Amino acid sequence: MIAAFGAASCKKDYLDVKKIPADMPVELMYKRYDYIQGIVWNAYSYLPDGFAWLDMEAATDDAYHTFVGNRSHIFNYGVWNQFNNPDGVWANYFNGIFQANLFLKHKGEADLSSIANSIVNNDSTAYKRAVSNLKFMEGECHFLKAFFYFELVKRYGGVPIINEPLDYNKPETWQGLQRNSVDECFKYIASLLDKAAVIIPDSVRTNSATSWYESGRVTYGAIKALKARALLYAASPLYKEAGSTFTWADAAAAAHEVIAMNVFNLDASYANLSGAANVSSAEAIFFRRHGAQNGLERNNFPIVFEGSNGNSLTPSQNFVDEFEVKTGSTSVPFDWNNIAHASSPYANRDPRLAATVVTNGTSFKSTTIQTYIGGNSGQPKLNATKTGYYLSKHVNQSVDLLNNTTTTHQWLYIRYAEVLLNYAEAMLNAYGAAADPQGYGMTALQAINRVRTRSTMPALTDVTADAVVHERRVELGFEGHRWWDMRRWKKANVFAQPVRSITITLNGSNFVYTPTKLEDRVYDASKMNWYPIPQAEITKTGWQQNTGW
């Protein structure tokens with residue numbers, strides 16, 4: 001266990017991990033209250049790093065990665081398998097589950113006598129805090145287990161439910177374990193979150209007696225929002241086909257619980273959500289802080305800036321075409337057959353496009369970005385974008401690469417707009433676009449329009465399944481959703497379609513825009529909707545491999 005802790009604590013994390021002496025016996029580790037928080041912090045460290053996963057957006061039709069050695073190309077060529085999966089997270093999440101189970105098993109062993117004996121003048125504040133903190137940590141570990149299990153199930157389907165601290169690194173402890181069904185796993189995830197919600201009340205945020213509870217730790221809102229997301233997946237076609245018994249009505253009810261808290265709200269500015277201060281937004285529900293750095297900017301700044309390395313995640317034309325054109329009080333889909341659209345393709349678009357994508361002519365760090373052929377950031381410059389676009393979302397323009405300045409980044413695991421879109425999708429499928437038979441106070445149409453109008457997009461008069469797909473794509477783009485949404489809807493065959501770019505030429509003083517096929521891709525939905533179980537696990541346990549692998 002000490003070895004596992006030492007390895008995990010080397011990870012970058014937004015919480016300060018208290019170093020535990022390597023020679024400390026395990027039994028003392030849990031008795032010493034001053035080390036217990038570090039143990040739970042260690043469990044947090046297994047949460048995914050959203051920025052490290054960002055390159056996987058290039059394995060969807062939303063992007064292309066400029067670096068030819070990037071792992072996304074392995075997915076796009078269809079050469080990933082049970083022996084080589086660039087998104088192989090099996091070991092990470094089961095190690096996280098192991099850490100959470102260790103705490104849950106030993107939580108009752110904490111010795112608070114030294115704190116109790118230090119009470120002076122009847123001031124028991126420190127003791128009460130320690131008692132509360134121990135209890136909250138139990139809820140946090142239930143949440144973290146649920147988070148890790150959800151990440152596993154959405155990739156692999158049914159996995160073994162483990163309530164004891166079985167060390168992933170000791171194969172003999174896994175022999176004889178069986179995979180639970182998809183339905184059993186989703187029910188287990190929901191039960192863990194229900195336990196956590198009882199332990200960590202919403203008052204943790206507001207009660208002065210718990211002001212010591214650090215920002216970034218699990219909250220009641222995060223618990224409820226993760227449950228809403230998990231049940232949305234459980235009700236989706238891929239998981240229903242695999243045996244899930246959860247319904248769209250269950251998912252709608254779960255999302256309603258978050259909305260009914262009246263705690264979260266949409267940020268007035270969509271662009272704020274990828275800024276350095278996004279965790280202070282009323283929209284932030286659960287997040288991970290990162291230290292000051294500039295790697296994201298060094299990779300993704302347009303190539304005109306010295307210090308940019310061109311290791312870029314570049315949005316595709318497929319993605320850019322998704323953003324509507326505003327015409328007065330209405331909007332229409334972008335259409336290359338429309339002469340006005342084609343001649344000025346970035347005019348009057350959904351404002352979320354400019355907040356997400358750097359297009360030709362964009363002002364970036366007071367420099368006009370030229371992605372046309374021969375432009376300052378276009379082909380044939382070395383490492384220039386091949387799609388004709390650069391990423392704006394998450395990228396902080398205040399960074400000065402020449403002087404190596406840095407900035408903090410925060411990854412929002414869950415934000416309120418996603419909850420509204422989860423609710424809209426679930427309500428639409430359960431009750432239709434404009435019905436609210438449960439008296440929740442909001443229809444599917446109203447929920448999706450709240451998201452649209454925040455970005456000054458005209459409200460819809462009706463909502464369809466296609467409208468849900470569209471709205472999630474433009475609102476949640478480059479936040480880790482497209483890869484999973486298309487799978488759970490059983491629409492991931494779109495990933496087999498060519499990814500397109502834009503070729504821009506300067507003809508006198510006018511630009512000519514020509515959509516161009518950038519590359520063909522491979523996606524076999526008969527097997528790729530699920531990840532293959534790592535072959536090492538099949539060998540160790542004798543499980544049946546996922547279909548097609």
Side-chain angles (χ1 to χ4, degrees), residues 12 48-73 76 270-276 278 288 290-320 346 352-372 375-379 381-412 474 476-483 499 501-502 518:
K12 292 181 179 179
D49 181 341
F51 293 111
W53 198 89
L54 193 59
D55 64 330
M56 283 292 292
E57 298 285 356
T60 77
D61 52 347
D62 283 353
Y64 174 87
H65 207 286
T66 302
F67 177 49
V68 295
N70 184 263
R71 61 178 175 168
S72 62
H73 297 297
N76 297 332
Y270 180 79
N272 286 347
L273 297 169
S274 59
N278 57 357
R288 177 172 180 163
H290 295 262
Q293 53 192 281
N294 61 19
L296 185 69
E297 286 72 27
R298 197 167 293 281
N299 288 343
N300 289 288
F301 267 23
I303 206 67
V304 65
F305 297 102
E306 188 172 346
S308 174
N309 61 25
N311 189 16
S312 304
L313 175 67
T314 55
S316 66
Q317 189 62 50
N318 311 53
F319 179 70
V320 171
Y346 312 125
R352 289 172 290 190
L353 174 61
T356 308
V357 180
V358 178
T359 61
N360 184 58
T362 294
S363 178
F364 190 100
K365 289 183 67 65
S366 301
T367 298
T368 298
I369 304 304
Q370 303 166 345
T371 62
Y372 59 85
N376 60 25
S377 293
Q379 293 289 323
K381 284 186 177 292
L382 181 66
N383 297 326
T385 175
K386 295 180 181 178
T387 65
Y389 303 103
Y390 290 93
L391 182 65
S392 178
K393 199 173 200 176
H394 307 300
V395 177
N396 194 322
Q397 295 186 34
S398 70
V399 167
D400 183 344
L401 295 179
L402 277 179
N403 292 305
N404 202 34
T405 64
T406 59
T407 184
T408 58
H409 296 84
Q410 290 77 220
W411 182 265
L412 301 185
V474 299
L476 304 176
F478 294 90
E479 295 181 34
H481 291 277
R482 179 74 171 175
W483 182 246
V499 165
S501 59
I502 191 73
L518 178 59

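Values below: all heavy atoms of this structure, side chains included; hydrogens, waters and symmetry mates excluded. Note that the structure is predicted; figures quoted are calculated from it, not measured.
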Practice item. Using atom types as modelled and distance alone, determine if a side-chain donor or acceptor of Lys365 lies under 3.5 Å from a backbone N or O of Val399. Key: yes
Practice item. Search all heavy atoms of Ser308 against all heavy atoms of Leu401 and return the closest pair with its distance. Key: N-CD1, 3.6 Å
Practice item. Measure the CG-CZ distance between Asn309 and Arg298 for me, rounded to the nearest 0.5 Å. Key: 7.5 Å
**Study point:** Sidechain-backbone polar pair: Asn76 side chain, Ala58 backbone, donor-acceptor under 3.5 Å
**Key:** yes
Exercise for review: Return yes if a side-chain donor-acceptor contact under 3.5 Å exists between Asn404 and Asn294, otherwise no.
Suggested key: yes
Study note, to complete from the structure: Note: Phe364 and Pro302 closest approach over all heavy atoms is CE2-CD, 3.8 Å
Practice item. Enter the distance from Glu57:CD to Thr314:OG1 here, rounded to the nearest 0.5 Å. Key: 12.0 Å
Check your understanding: So do the side chains of Thr371 and Thr359 get within less than 4.5 Å of each other, counting heavy atoms only?
Key -> no
Check your understanding: Is the backbone N or O of Asn299 less than 3.5 Å from a side-chain atom of Asn311, with the two atoms forming a donor-acceptor pair by type?
Key -> no
Point to revise | Worked verdict on Asn396 versus Ser398 for side-chain hydrogen bond (donor to acceptor under 3.5 Å, both in side chains) | key: CA-CA 5 Å; Asn396 194 322; Ser398 70; 2.6 Å; yes
Practice item. May I ask you to decide if Ser377's main-chain N or O and Tyr390's side chain share a donor-acceptor pair within less than 3.5 Å? Key: yes
Check your understanding: Counting N and O atoms only, with roles assigned by atom type, does the side chain of Gln370 sit under 3.5 Å from a partner on the main chain of Asn376, one being a donor and the other an acceptor?
Key -> yes
Exercise for review: Under the ring pair (Phe, Tyr, Trp, His ring centres under 6.0 Å) rule, collect the residues that match up with Phe478, sequence neighbours excluded.
Suggested key: Phe319
Review point. Any chance the side chains of Ser72 and Asn70 put a donor and an acceptor closer than 3.5 Å?
Key: yes
Practice item. Return yes if some donor-acceptor pair links the side-chain N/O of Thr60 with the main-chain N/O of Asp62 below 3.5 Å, else return no. Key: yes
**Study point:** Side chain Thr66, main chain Asn383, donor-acceptor under 3.5 Å
**Key:** no
Exercise for review: State, with a plain yes or no, whether a side-chain heavy atom of Val395 is found less than 4.5 Å away from one of Val358.
Suggested key: no
**Study point:** Side-chain (Gln379) to main-chain (Tyr372) donor-acceptor, under 3.5 angstrom
**Key:** no
Point to revise | pair Arg71-His65: side-chain heavy atoms closer than 4.5 Å | key: no
Revision key, fill the gap. Nearest heavy-atom approach of Asp61 to Arg482 is OD2-NH2, 2.9 Å
Practice item. Dump the intermediate steps for side-chain contact (heavy atoms from CB on, under 4.5 Å) on Tyr346 and Val357, then the final yes or no. Key: CA-CA 11 Å; Tyr346 312 125; Val357 180; over 6 Å; no
Review point. OG/Ser366 to CD/Gln397 distance, rounded to the nearest 0.5 angstrom?
Key: 8.5 Å
Exercise for review: Enter the distance from Asn318:CG to Tyr64:OH here, rounded to the nearest 0.5 Å.
Suggested key: 13.5 Å
Practice item. Would you give the length of the straight line joining atom CG of Leu54 to atom NZ of Lys393, rounded to the nearest 0.5 angstrom? Key: 10.0 Å
**Study point:** Residues forming a ring pair (Phe, Tyr, Trp, His ring centres under 6.0 Å) with His394, sequence neighbours excluded
**Key:** Phe51, Trp411
Exercise for review: Could you tell me whether the side chain of Lys381 reaches within less than 4.5 Å of the side chain of Val304, counting heavy atoms only?
Suggested key: no
Study note, to complete from the structure: Rounded to the nearest 0.5 angstrom, the CG-CH2 distance for Asp55 and Trp53 is 8.5 Å
Check your understanding: Which atom names give the shortest non-hydrogen contact between Gln410 and His290, and what distance separates them?
Key -> OE1-O, 4.5 Å
**Study point:** Donor-acceptor pair, side chain of Asn300 and main chain of Leu313, under 3.5 angstrom
**Key:** yes
Review point. Within a strict 4.5 Å, meaning less than it, do heavy atoms of the Leu412 and Glu479 side chains meet?
Key: no
**Study point:** Check: Tyr389 main-chain N/O paired with Thr387 side-chain donor or acceptor under 3.5 Å
**Key:** yes
